Chemist: 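Supplied in structure tokens, the structure appears directly below.
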Amino acid sequence: QVQLVESGGGLVQAGGSLRLSCAASGHTFSSYAMGWFRQAPGKERDFVAAISWSGSSTYYADSVKGRFTISRDTAKNTVYLQMNSLKPEDTAVYYCTADEGPSGVRFAMMPTMAGDYWGQGTQVTVSS
């Protein structure tokens, strides 16, 4: 019912910035919390950031707190991830997800259970 398409990935130097976008289509009027996960080769998919349906609450993994900012533009049905001060360990495929729990608390409390709809991912590579 919801389709998600990520964009904005690419190759940047350490210390640089990227802005990822996730465009939603389909049943976009539902009260979905939105989030970002990332997965490096050979590793598990890890939670990065999330935002509640209202936009009033945000959640971040400790590894990105203070560097990444999640936001959403409901008029454009789009969620963003602004990534600053990028580090080589940020290199991964970044996935956008929508969760039917509108508060987004499931992302923070039980991230392995969060996410009802997923995008295809966008590659982020940070060079040294």
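Quick caveat: nothing in here was measured; it's all calculated off a predicted structure. Counting begins at 1 with the first residue of the sequence.
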Chemist: Assess Arg72 against Tyr80: is NZ or CZ under 6.0 Å from the centre of the six-membered ring, and within 45 degrees of the ring's axis?
Modeler: no
Chemist: Under the salt bridge (charged side-chain N to carboxylate O under 4.0 Å, His left out) definition, can you give me all pairs with a residue in residues 46-57, not counting sequence neighbours?
Modeler: none
Chemist: Identify the two heavy atoms, one from Pro111 and one from Met109, that lie closest to each other, and give their separation to 0.1 Å.
Modeler: CD-C, 3.7 Å
Chemist: Can you check whether Phe47 and Tyr59 have ring centres sitting under 6.0 Å from each other?
Modeler: no
Chemist: Not counting sequence neighbours, which residues clear side chain to side chain donor-acceptor pair (under 3.5 Å) with Ser56? List them please.
Modeler: Ser54
Chemist: Count I, L, V, M, F, W, Y as connected when their side-chain heavy atoms are under 4.5 Å apart, and connections chain through other members. Are Leu86 and Val64 then in the same cluster?
Modeler: yes
Chemist: Between the main-chain N or O of Cys96 and the side-chain N or O of Glu6, is there a donor-acceptor pair closer than 3.5 Å?
Modeler: yes
Chemist: Can you tell me if Ser85 uses its side chain to pair, donor with acceptor, with the backbone of Gly15 under 3.5 Å?
Modeler: no
Chemist: Are Val48 and Val126 connected in a single hydrophobic cluster, I mean Ile/Leu/Val/Met/Phe/Trp/Tyr linked by side-chain heavy atoms less than 4.5 Å apart?
Modeler: yes
Chemist: How long is the gap from CE on Met34 to CZ on Phe107, to the nearest 0.5 Å?
Modeler: 7.5 Å
Chemist: Verify whether the ring centers belonging to Trp118 and Phe37 lie closer than 6.0 Å.
Modeler: yes
Chemist: Please check: side-chain N/O of Thr78 versus main-chain N/O of Lys76, any donor-acceptor pairing under 3.5 Å?
Modeler: yes
Chemist: Determine, using the 4.5 Å side-chain heavy-atom cutoff (strictly less than), whether Val93 and Val79 are members of one ILVMFWY cluster.
Modeler: no
Chemist: Working to the nearest 0.5 Å, report the span between CG of Asp90 and OG1 of Thr125.
Modeler: 11.0 Å
Chemist: For Ser71, enumerate each residue passing the side chain to side chain donor-acceptor pair (under 3.5 Å) test, keeping only those at least two apart in sequence or located in another chain.
Modeler: none
Chemist: Does anything in residues 9-23 form a side chain to side chain donor-acceptor pair (under 3.5 Å)? List the pairs, not counting sequence neighbours.
Modeler: Ser17-Asn84
Chemist: Write down the atom of Ala33, the atom of Gly101, and the distance for their closest heavy-atom approach.
Modeler: CB-O, 3.2 Å
Chemist: Quick check: does any side chain N or O of Tyr60 sit under 3.5 Å from a backbone N or O of Ile70, one acting as donor and the other as acceptor?
Modeler: yes
Chemist: Does the side chain of Cys22 reach to within under 4.5 Å of the side chain of Leu4, using non-hydrogen atoms?
Modeler: yes
Chemist: Can you sort out the partners of Arg106 under side chain to side chain donor-acceptor pair (under 3.5 Å), two or more places apart, ordered by chain and number?
Modeler: Asp99, Asp116
Chemist: Hey, what do you get for CE (Met83) to CH2 (Trp36), rounding to the nearest 0.5 Å?
Modeler: 8.0 Å
Chemist: Is it the case that the side chain of Ser52 and the backbone of Gly55 share a donor-acceptor pair, with hydrogens and angles ignored and the cut-off at 3.5 Å?
Modeler: yes
Chemist: Find out whether Val124 and Leu18 are in side-chain contact, i.e. whether some heavy atom of one side chain is under 4.5 Å from a heavy atom of the other.
Modeler: yes
Chemist: Measure the CZ-CD distance between Phe68 and Gln82 for me, rounded to the nearest 0.5 Å.
Modeler: 9.5 Å
Chemist: Mind checking whether Gln1 and Tyr117 have side chains closer than 4.5 Å, heavy atoms only?
Modeler: yes
Chemist: With a 6.0 Å cut-off (strictly less than), is the heavy-atom count around CD of Glu89, excluding the residue itself, greater than 12?
Modeler: yes
Chemist: Tell me every residue that passes side chain to side chain donor-acceptor pair (under 3.5 Å) with Tyr94, counting only those two or more places apart in sequence or in another chain.
Modeler: Arg38
